[in-house]
Enquirer: 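Attaching a single structure in structure tokens format; questions to follow.
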Amino acid sequence: MNIKFLLLLILAMVSWGISWPIAKLVAKLLPIHVLVFWRFLVTFLSVIPLLYFMKIPFLLKSGRDYFNVLVGGIIYTLYGQFFFLGLVNGLPGAGGVLVTTLNPIITFFIVALVQRKKINKRQSLGLFFGLIGGLIILKVWQFSLGSLIQSGNLFFLLCAFTWATLSLNSQRTGESMSPIVYSLYVYLIGSIIEFFFAFRDPALFQVFDFGWNFWLSIAYLSIVSTTFGTTVYFYAAARLGSQIASSFIFIVPLSAFLSSVFIVEEPIQLPVLIGGALAILAVYLINSKRKDVSIESLVEN
């Protein structure tokens with residue numbers, strides 16, 4: 001592992017952050033199942049050239065591998081549904097922070113329970129700073145308890161839980177297949193599942209009536225955020241473990257809010273900078289002082 005991969009992982013998290021305001025712009029244009037179908041289909045098609053040029057075989061080795069990617073595809077489809085349902089029915093700004101702040105925390109605790117891996121003091125402190133940083137970015141003091149737990153925002157909580165389980169699934173398959181192959185099957189399965197819900201909807205082909213802004217948004221959400229960002233994350237989960245990979249998600253809230261400055265013209269505010277600094281500190285604390293992989297070793301190598 002080297003500095004180049006560390007930078008790729010950080011860029012992947014930044015690409016996820018930028019996807020939040022872009023997804024917010026298109027979330028209400030189409031029914032959820034139609035929007036998710038097109039996102040998955042475009043992502044699936046964009047992965048095929050990678051397999052071809054990198055000469056990676058796409059056939060899996062065993063029935064167990066096919067079962068694992070089937071489970072991964074179902075989980076990712078649920079995540080896609082919860083993602084857009086939250087954007088439509090919840091508070092989009094809150095959603096970006098709720099999902100990305102809770103995701104590492106939930107992942108750490110699920111792994112601790114399932115794989116019996118202890119959470120050390122530095123990791124606990126990092127998770128605490130990540131949570132506090134997220135709440136500061138969210139400016140939680142401006143929300144009532146009722147608005148934070150409204151039904152729409154519950155979809156974001158489900159997002160965090162399903163992504164944590166997807167991280168474990170991708171880690172489990174990492175030893176037997178390339179993360180790119182895993183991505184191919186996950187997006188294919190997601191496309192098939194969503195097609196069964198979308199094929200009778202007249203809106204399925206209405207997408208061709210939209211202009212370039214819509215398709216550029218879909219291209220970003222599919223190719224940049226998902227094909228690039230999510231595949232890099234799957235690789236990190238397989239190589240570093242789901243706990244360590246998920247810790248980098250603390251970077252997403254800051255990038256989401258900063259990108260909103262340019263995309264939806266949100267003003268930069270001091271809480272965003274303070275919370276973002278705490279989130280970066282959280283990533284450092286969680287990954288430092290580890291003998292197997294640490295920020296210092298990544299940079300040195």
Side-chain angles (χ1 to χ4, degrees), residues 16 19-20 22-24 26-28 30-44 47 65-92 94-111 113-114 149-174 179 182-201 203-204 218 221-222 225-227 229-231 233-234 237-238 242 245-246 249 252:
W16 283 4
S19 73
W20 281 93
I22 291 177
K24 179 181 177 181
V26 301
K28 295 184 180 181
L30 291 166
I32 300 300
H33 48 268
V34 173
L35 194 58
V36 175
F37 165 74
W38 282 108
R39 180 183 184 180
F40 281 177
L41 181 62
V42 173
T43 304
F44 166 71
V47 173
D65 285 342
Y66 282 104
F67 175 76
N68 284 331
V69 296
L70 175 62
V71 172
I74 293 172
I75 296 173
Y76 198 86
T77 303
L78 289 173
Y79 173 83
Q81 288 284 336
F82 295 147
F83 176 84
F84 284 107
L85 284 169
L87 287 176
V88 171
N89 300 297
L91 299 171
V97 177
L98 285 173
V99 172
T100 52
T101 300
L102 292 177
N103 189 300
I105 298 173
I106 292 175
T107 301
F108 263 84
F109 280 102
I110 288 180
V111 171
L113 291 174
V114 175
I149 63 175
Q150 64 176 291
S151 58
N153 287 333
L154 292 179
F155 289 119
F156 291 129
L157 299 180
L158 292 172
C159 272
F161 179 79
T162 52
W163 189 264
T165 57
L166 183 65
S167 297
L168 290 173
N169 180 264
S170 63
Q171 177 184 351
R172 187 179 301 114
T173 61
Y182 177 79
S183 298
L184 177 78
Y185 281 98
V186 165
Y187 305 139
L188 173 61
I189 292 168
S191 299
I192 294 173
I193 293 174
E194 290 298 339
F195 179 75
F196 281 108
F197 291 97
F199 79 99
R200 292 184 178 179
D201 196 315
L204 180 62
I218 292 296
L221 293 173
S222 304
S225 175
T226 310
T227 301
T230 305
T231 301
Y233 179 84
F234 287 157
S242 55
S246 69
I249 298 178
V252 178

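The analysis underlying the following values was restricted to heavy atoms, covering all of them including side chains, and did not include hydrogens, waters or symmetry mates.
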Enquirer: I need the minimum non-hydrogen distance between Ala237 and Ser170, along with the two atoms involved.
Expert: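 Smallest heavy-atom distance, with atoms named: CB-OG, 3.6 Å.
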Enquirer: Excluding sequence neighbours, so at least two apart, what forms ring-ring contact (aromatic ring centres under 6.0 Å, His included) with Tyr233?
Expert: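 Counting only residues at least two positions away or on another chain, Tyr233 forms a ring-ring contact (aromatic ring centres under 6.0 Å, His included) with Trp16, Trp163.
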Enquirer: In the structure I gave you, are the side-chain heavy atoms of Asn169 and Thr165 within less than 4.5 Å of one another anywhere?
Expert: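 They are not in contact (no side-chain heavy atoms under 4.5 Å apart), so the answer is no.
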Enquirer: So which heavy atom on Ile189 is nearest to which on Gly73, and how close?
Expert: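 Of all heavy-atom pairs spanning Ile189 and Gly73, the closest is CG2-CA, 3.9 Å.
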Enquirer: If a pair satisfies side-chain hydrogen bond (donor to acceptor under 3.5 Å, both in side chains) and one of its residues is in residues 76-85, list it, with sequence neighbours excluded.
Expert: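 Counting only pairs at least two positions apart or across chains, the side-chain hydrogen bond (donor to acceptor under 3.5 Å, both in side chains) contacts touching residues 76-85 are Gln81-Glu194.
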Enquirer: Less than 4.5 Å apart, side chain to side chain, heavy atoms only: is that true for Thr43 and Thr230?
Expert: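 Answer no - side chains too far apart.
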Enquirer: Which heavy atom of Asp201 sits nearest a heavy atom of Pro31, and at what distance?
Expert: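 The answer is OD2-CG, 3.5 Å.
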Enquirer: Determine whether Leu102 and Phe161 satisfy the following criterion, side-chain contact (heavy atoms from CB on, under 4.5 Å), listing intermediate values before the conclusion.
Expert: CA-CA 8 Å; Leu102 292 177; Phe161 179 79; over 6 Å; no
Enquirer: Which heavy atom of Ala164 sits nearest to which heavy atom of Ile110, and what is that distance?
Expert: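 Answer, listing the atom of Ala164 first, then Ile110: CB-CD1, 3.9 Å.
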Enquirer: Indicate the atoms forming the closest heavy-atom contact of Ser183 with Thr231, along with that distance.
Expert: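 Looking at all heavy atoms of both residues, the closest pair is OG-OG1, 3.1 Å.
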Enquirer: Knowing that exactly one of Phe37, Phe44, Phe40 qualifies, which makes a ring pair (Phe, Tyr, Trp, His ring centres under 6.0 Å) with Phe195?
Expert: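 Only match with Phe195 under ring pair (Phe, Tyr, Trp, His ring centres under 6.0 Å): Phe37.
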Enquirer: Taking ring-ring contact (aromatic ring centres under 6.0 Å, His included) as the definition, give me every residue that meets it alongside Phe109, ordered by chain and number, with sequence neighbours left out.
Expert: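 Listed in chain order: nothing, the list is empty.
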Enquirer: Are any of the side-chain heavy atoms of Trp38 and Leu204 separated by less than 4.5 Å?
Expert: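 Yes, their side chains come closer than 4.5 Å.
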Enquirer: Quick one: pull up OG1 in Thr227 and CG in Leu184 and give me the separation to the nearest 0.5 Å.
Expert: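 Going from the OG1 atom of Thr227 to the CG atom of Leu184 covers 10.0 Å.
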Enquirer: In Å, rounded to the nearest 0.5 Å, how long is the span from CD1 of Ile193 to CG of Leu188?
Expert: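 Separation between the atoms: 9.5 Å.
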Enquirer: Measure the OG1-CG distance between Thr162 and Leu78 for me, rounded to the nearest 0.5 Å.
Expert: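 Going from the OG1 atom of Thr162 to the CG atom of Leu78 covers 7.0 Å.
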Enquirer: Looking at OH of Tyr182 and CZ of Phe234, how far apart are the two atoms once the value is rounded to the nearest 0.5 Å?
Expert: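 Here the rounded value is 5.0 Å.
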Enquirer: For Gly72 and Leu166, work out which heavy atoms get closest and say how close.
Expert: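 So the minimum-distance heavy-atom pair works out to O-CD1, 3.5 Å.
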Enquirer: Quick one, Tyr185 and Tyr66 - any side-chain contact, counting heavy atoms below 4.5 Å?
Expert: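 Result yes, sub-4.5 Å side-chain heavy-atom pair found.
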Enquirer: Between the side chain of Asp65 and the main-chain N/O of Thr173, is any donor-acceptor distance below 3.5 Å?
Expert: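 Not confirmed, Asp65 side chain does not pair with Thr173 backbone.
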Enquirer: Measuring from atom CG of Asn103 to atom OG of Ser167, what distance do you get when rounded to the nearest 0.5 angstrom?
Expert: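 Result: 5.5 Å between the selected atoms.
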Enquirer: Please round to the nearest 0.5 Å and tell me the distance separating atom OG of Ser242 and atom CD of Gln171.
Expert: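 Going from the OG atom of Ser242 to the CD atom of Gln171 covers 4.0 Å.
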Enquirer: Please check this pair: side chain of Ser19 against backbone of Ser225, looking for a donor-acceptor N/O pair closer than 3.5 Å.
Expert: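 Looks like no, no N/O pair under 3.5 Å.
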